[in-house]
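Remarks on the structure that follows.
Here is how names work: the chains are called A, B, and so on, in the same order as the sequence lines, proteins then strands, and each is numbered from 1.
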Amino acid sequence: MAIIRVALDVPLDCLFDYVSEETSSTDIGLRVRVPFGKREAIGIILDVCAATQITADKLKPIHQLYREIPPLPHDLIELYRFCNRYYHHPIGQVVMNSLPALLRKTRSVTCKPDGVLLWKLTSIGQTVGIDTIPARSKTKRELLRLLQQNRQTTAAFLGEITPHTRKLLRELVASGWAEETVVSRGQQTTTVTTAPAATAEQAEAIAAMTAMANQFTPWLLQGVTGSGKTEVYLQVAATILAQQKQVLILVPEINLTPQLEAIFRQRFPASPLISLHSGVTDNERLQGWCQAQHQQTGIVLGTRLAIFTPFANLGLIVIDEEQDSSFKQQDGLRYSARDLAIYRAKQLDIPIILGSATPSLESYYHAINGHYKHLRLRTRAASQARLPAIRCIDLRIVKAQEGLTEPVLNALRETTAQNLQSLVFINRRGYAPVLLCKSCRWTATCTRCSSRLVFHLPARQLRCHYCGYQQSVPSACPQCGDQDILPFGHGTQRIESALINHLPDARIMRVDRDSIRRKHAWQAILTTIQQKKVDILVGTQLLAKGHDFPNLALVCIINPDASLYSADFRAEEQLFTQLMQVAGRAGRAETPGTVLIQTEFPHHPIYQALMRQDYDHYAQQMLKDRQAMNFPPFAYQAALRAEAPVIQDALAFLGKASAASQNRHSKQIQLFDPVPAPMMRLNGMERAQLLVQADSRKSLQHFLTDWQPHLVALPTGSKLRWHLDIDPISL
DNA sequence: AGCACGCCGACT
DNA sequence: GTCGGCGTGCTC
């Protein structure tokens with residue numbers, strides 16, 4: 001008769017004890033169904049012990065123990081405990097929210113067969129000449145060719161699984177040419193298709209990393225756009241896979257997975273690969289989860305949530321675009337997948353590669369300090385490819401019409417005439433960000449948020465980009481009745497229509513969240529671009545990240561200055577990263593690139609650094625500023641945020657919270673005054689925050705651990721909600 | 001978070 | 001007289 005301690009999805013930082021007859025300490029990590037108050041809940045066993053503090057009258061027996069999948073591995077449970085301690089988030093919510101949705105339901109689940117399904121040719125199949133297949137059976141020929149080239153392949157490698165390919169594979173089996181075999185875990189061959197020759201820099205990085213492939217080593221791989229970081233990931237992954245270990249690759253966005261997935265499948269035909277992100281179905285996610293845990297997959301590719309995947313034998317973690325803010329979860333458990341990845345790598349004693357053209361200042365600082373090993377790729381991989389020429393257009397001298405200057409228009413005309421592609425980058429959706437009454441200066445604002453409503457032309461609507469509220473455009477000013485209300489400023493739609501006026505013959509396409517809303521639209525757009533069916537792209541940051549556009553020669557950046565006024569000390573760093581990324585889109589293959597930036601501040605250090613494409617110099621300057629102002633990475637922060645229908649309540653709560661800390665707050669801890677959030681009103685709630693800063697992680701953690709019980713004890717009205725954000729990245 | 005209990009205002 | 005508002009308290 002054992003006491004089991006169970007993590008349940010409730011906002012209380014404790015485990016719940018139950019009696020279970022059939023349980024031993026090897027069952028830690030199993031799923032249980034338990035009575036909880038008047039209801040039932042699903043939980044995970046985190047501990048098994050002989051005694052409990054809970055009185056016998058309260059202690060209940062469990063309802064069911066699920067053994068259909070093996071217990072969660074010990075290292076994952078340790079990760080949960082770390083998240084609980086470090087992010088000060090209730091343990092049960094840490095555990096339950098990291099699980100695939102199907103494991104949170106009171107239902108048994110089934111996982112696919114134990115073993116990896118691989119296709120291979122029979123001895124007869126190996127001797128069959130491709131010519132014996134009728135030429136019109138193109139797909140069948142292709143399947144046979146792929147199978148002959150590779151000893152064993154996954155079904156996914158043989159192409160998209162359509163009813164057609166399934167039928168053809170069955171035909172091959174019927175002819176006795178091919179067979180599907182079940183290979184038990186750890187027995188896969190790691191066929192590798194031919195890799196391109198590495199550049200000297202790549203080879204050096206690969207050699208350094210493979211030499212330390214079996215121990216915790218954090219690598220910062222700092223490579224300019226187009227320098228071939230992916231090739232380095234691939235070749236290091238090959239080494240790890242050959243040791244029968246698994247590889248986890250984290251990417252910032254779901255949009256970037258299909259491309260990388262294709263590259264990895266192509267290179268490792270016999271290594272099963274799964275994708276884990278918010279776009280996969282609940283069942284796929286569960287199957288992927290189980291496969292990783294059973295080592296039925298070699299490669300897991302996913303967004304931040306994939307950091308919670310259980311692995312049988314993880315050997316390498318790669319974080320691509322490590323500076324990207326999407327790695328930080330912005331609600332619930334506010335974890336940084338990058339920081340958790342470092343924790344996991346350390347815990348498992350395996351290498352981790354942080355890849356970026358423009359590392360976060362935190363990672364860069366670790367690299368120049370020697371905490372991380374620093375590797376650089378300074379040149380572009382395609383031998384002809386050079387870095388683009390970057391030039392500023394001074395908006396104080398050259399006036400813009402409809403947001404566009406003459407030099408930009410000329411460059412677009414020239415590039416189009418040369419049959420090359422251009423990108424006009426403007427990080428604002430819609431037609432115009434402001435709708436203004438000329439006589440009384442009224443502007444359209446959101447009722448639920450402290451934001452301006454953005455004018456969208458095709459629908460003739462005003463939309464809030466924060467809460468989604470929309471309304472039709474008023475015909476007269478609601479304040480003074482004047483009919484002279486005009487759109488101000490420029491969004492993608494307005495720039496698009498201006499371009500249509502100025503370059504009537506060019507094929508222009510707008511790419512932003514509005515234009516890719518339709519399912520599969522994103523893939524269709526990428527294809528259109530790759531097939532050169534478009535001359536000028538007008539787009540937001542969607543186009544800035546990750547994708548290769550070999551024919552893109554010109555990038556025009558319309559008005560990036562706004563971030564320079566931001567109160568957030570990270571805004572400038574993020575602008576620099578974004579502009580480097582966008583600029584890097586230009587001139588990837590044989591085409592040399594040009595970048596034009598329309599700005600009012602051409603002499604601002606950010607543009608100067610950008611023109612020289614000197615990340616290092618700029619990063620070092622920013623680090624000096626951060627040090628002078630005692631900001632991260634030289635200080636450690638936590639934000640206590642509160643939201644309530646009226647700001648006074650939120651501020652009052654933070655005031656009480658601050659007072660509750662006074663008696664135990666040491667010299668190493670600095671509490672700032674509660675302030676309204678920069679975007680004070682959001683979705684009908686008013687938000688405020690209180691920043692806590694410390695000179696070491698340790699003292700911050702000590703303080704927070706002391707503080708938290710006081711916070712929990714503070715009275716909150718029913719409509720007030722609060723949370724702690726550790727290492728916040730936006731204010 | 002749920003879900004109960006409990007104590008005060010406007011309705012068949 | 002009760003239906004229902006949300007404040008408070010508990011869940012092993």
Taking the side chain as everything from C-beta on, heavy atoms only, tell me whether A:Q708 gets closer than 4.5 Å to A:F703.
no

Separation of C:dG9 atom C1' from A:F36 atom CZ, nearest Å, is 13 Å

The single option from A:D27, A:D47, A:D17 that satisfies salt bridge (charged side-chain N to carboxylate O under 4.0 Å, His left out) with A:R5 is A:D17

ring-ring contact (aromatic ring centres under 6.0 Å, His included) test vs A:Y335 passes for just one of A:F82, A:Y343, A:Y86, A:F308, namely A:F308

To the nearest angstrom, the CD-C1' distance between A:E40 and B:dC3 comes to 15 Å

Once you apply a heavy-atom cut-off of 4.0 Å, does A:L12 come out as touching a base, just sugar-phosphate, or nothing?
base

Margin query: Does this structure show an ion pair linking A:R681 with A:E643, if we count only N-O contacts that are shorter than 4.0 Å?
Written below: no

Atom CG of A:L8 and atom P of C:dT11 are separated, to the nearest Å, by 13 Å

- Contact class for A:Y18 (heavy atom, under 4.0 Å): base, sugar-phosphate, or nothing? sugar-phosphate

Note to self: Once you apply a heavy-atom cut-off of 4.0 Å, does A:L59 come out as touching a base, just sugar-phosphate, or nothing?
What the structure shows: sugar-phosphate

Rounded to whole Å, NZ of A:K38 lies from C1' of C:dC12 at a distance of 15 Å

note: A:I54, atom CD1; C:dC10, atom P; distance rounded to Å ~ 13 Å

